[in-house]
Novice: 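Before I ask anything, let me first share the structure, which is written out below as structure tokens.
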Amino acid sequence: MIEKKQNRILDEFDRLYPDAKCELHYTTPLELLIAVLLSAQTTDASVNKVTPELFKKYHSASDYRDANQEDIEQLIRRIGLYRNKARSIKKMAAMLCEKYDGEVPQSINELITLPGVGRKTASVVVGEAFYVPSVPVDTHVERVSKRLGFAKNEDSVLTVEKKLKRTLPRERWNKLHHQFIFFGRYFCKAQSPRCKECQLVDLCKEKNKKL
DNA sequence: ATCCCGAGGG
DNA sequence: CCCTCTGGAT
């Protein structure tokens, strides 16, 4: 990608979303880890509706390990995939207690060994809770990256991540991650991209395809 | 009908 | 690579 185009995009993201940040509600690394795990295939807003009750009832990793799985299921049922997520939370908490003294590990390689924690979740946690430069690729980052030419449509999420890391300044990774998400979530949406108002249409691969 | 800060299993 | 898990919002 031409550097000029790239800088235009980053400038536009700064103009649109100077204060982009994580929209999941949490107060500790463990709460963040659980909130991100819950966020699969649902919206952050939906996750924020169920976590207050969840975080009120359970606090430590051992609380989740010893919890009744059906109790967790009931608390999170509305966000979907609730059986898998409840099971993952319990198993993840058990491993945290066994191998990490109940604390959340601070590296991606350690985090992805936890049940229910994949590369995207691990990347979010290290970037958000421990300030490790990272580029988590979720559905928004993937879509926006492909539309704006940071990656090709046939690229896997891992390839998208590699290309973004190769292209974007490392000191801006964590902020840009959120700016990509804000742009995808509120502007360049999956079904309704606001192409006519978009300052970047000229370099978009899908201009005029949808609206 | 499609999408939402995915991960695990086949 | 594919499929499944799942409710809620639009």
Side-chain angles (χ1 to χ4, degrees), chain A residues 13 17 19-26 29 31-54 69-70 72-95 108-130 132-147 150-161 164-165 173-194 206 209-211:
Chain A
F13 284 0
Y17 308 112
D19 302 314
K21 59 176 172 49
C22 180
E23 297 198 299
L24 290 168
H25 297 164
Y26 70 96
E31 286 187 357
L32 175 65
L33 176 58
I34 290 171
V36 179
L37 189 153
L38 293 176
S39 71
Q41 294 301 106
T42 190
T43 60
D44 283 10
S46 296
V47 173
N48 290 335
K49 288 178 185 171
V50 305
T51 46
E53 285 292 320
L54 190 68
Q69 188 170 318
E70 290 183 10
I72 298 179
E73 288 180 7
Q74 294 315 307
L75 287 171
I76 67 173
R77 174 148 32 106
R78 287 181 299 157
I79 63 177
L81 306 181
Y82 62 93
R83 279 187 280 263
N84 288 343
K85 288 172 181 176
R87 192 185 327 121
S88 291
I89 287 173
K90 269 191 66 92
K91 294 174 71 175
M92 175 188 77
M95 189 179 291
I108 289 181
N109 286 338
E110 290 173 308
L111 282 162
I112 59 178
T113 67
L114 300 170
V117 179
R119 184 168 185 83
K120 198 232 66 171
T121 299
S123 297
V124 171
V125 170
V126 298
E128 185 70 20
F130 305 124
V132 177
S134 65
V135 182
V137 178
D138 66 5
T139 183
H140 297 300
V141 176
E142 179 179 9
R143 183 180 66 255
V144 170
S145 295
K146 290 179 176 179
R147 284 179 175 171
F150 286 98
K152 298 180 179 178
N153 284 330
E154 60 268 28
D155 287 342
S156 67
V157 287
L158 192 58
T159 301
V160 173
E161 178 182 335
L164 287 173
K165 284 182 169 177
W173 283 359
N174 288 3
K175 180 67 167 288
L176 279 166
H177 159 62
H178 291 116
Q179 291 175 321
F180 270 71
I181 287 181
F182 271 52
F183 186 67
R185 182 180 292 164
Y186 301 118
F187 199 108
C188 188
K189 296 191 257 188
Q191 305 115 306
S192 58
R194 293 150 59 186
E206 295 190 22
K209 279 192 178 179
K210 295 184 177 181
L211 189 63

Novice: In this structure, how many angstroms lie between the C1' atom of dC5(B) and the NE2 atom of His178(A), rounded?
Specialist: 9 Å
Novice: Output all residues satisfying side chain to side chain contact (heavy atoms under 4.5 Å, CB included) with Ala20(A), sequence neighbours left out; order by chain, then residue number.
Specialist: Tyr17(A), His178(A), Gln179(A), Phe182(A)
Novice: For Leu75(A) and Val50(A): C-alpha separation, side-chain torsions, deciding distance, then whether side chain to side chain contact (heavy atoms under 4.5 Å, CB included) applies.
Specialist: CA-CA 7 Å; Leu75(A) 287 171; Val50(A) 305; over 6 Å; no
Novice: Specify the residues of residues 109-120 of chain A, ordered by number, for which at least one heavy atom lies under 4.0 angstrom from an atom of DNA chain B.
Specialist: Leu114(A), Pro115(A), Gly116(A), Val117(A), Gly118(A), Arg119(A), Lys120(A)
Novice: What's the gap between dG8(C) and dA7(B) when it is taken at their P atoms, as a whole Å value?
Specialist: 22 Å
Novice: With Lys175(A), which residues qualify under salt bridge (Lys or Arg N to Asp or Glu O under 4.0 Å), at least two apart?
Specialist: none
Novice: With a strict under 4.0 Å distance from non-hydrogen atoms of chain A, what nucleotide opens and what nucleotide closes the contacted stretch of DNA chain C, reading 5' to 3'?
Specialist: dC5(C) to dA9(C)
Novice: Taking the P atom of each, how far is dC3(C) from dC3(B), in whole Å?
Specialist: 16 Å
Novice: Suppose you measure atom C1' in dT2(B) against the same atom in dT6(C); what distance do you get, rounded to whole Å?
Specialist: 14 Å
Novice: Take Ser156(A) and Lys85(A), find for each the nucleotide of DNA chain C with the closest heavy atom, and name the residue whose nucleotide sits nearer the 5' end.
Specialist: Ser156(A)
Novice: Would you say Arg143(A) reaches dC4(B)'s phosphate, i.e. side-chain N/O to OP1/OP2 under 4.0 Å?
Specialist: yes
Novice: Is the backbone of Gly184(A) close enough, under 3.5 Å, to the side chain of Arg143(A) for a donor and an acceptor to pair up by distance?
Specialist: yes
Novice: Taking atom C1' in both dC5(C) and dC4(B), compute the distance separating them and give it to the nearest angstrom.
Specialist: 14 Å
Novice: OP1 or OP2 of dC4(B) sitting under 4.0 Å from any side-chain N/O of His140(A)?
Specialist: yes
Novice: Taking only residues two or more places apart in sequence, or in another chain, which ones meet Phe130(A) in a ring-ring contact (aromatic ring centres under 6.0 Å, His included)?
Specialist: none
Novice: Looking at residues 39-46 of chain A, who's got a heavy atom less than 4.0 Å off DNA chain C?
Specialist: Gln41(A), Thr42(A)
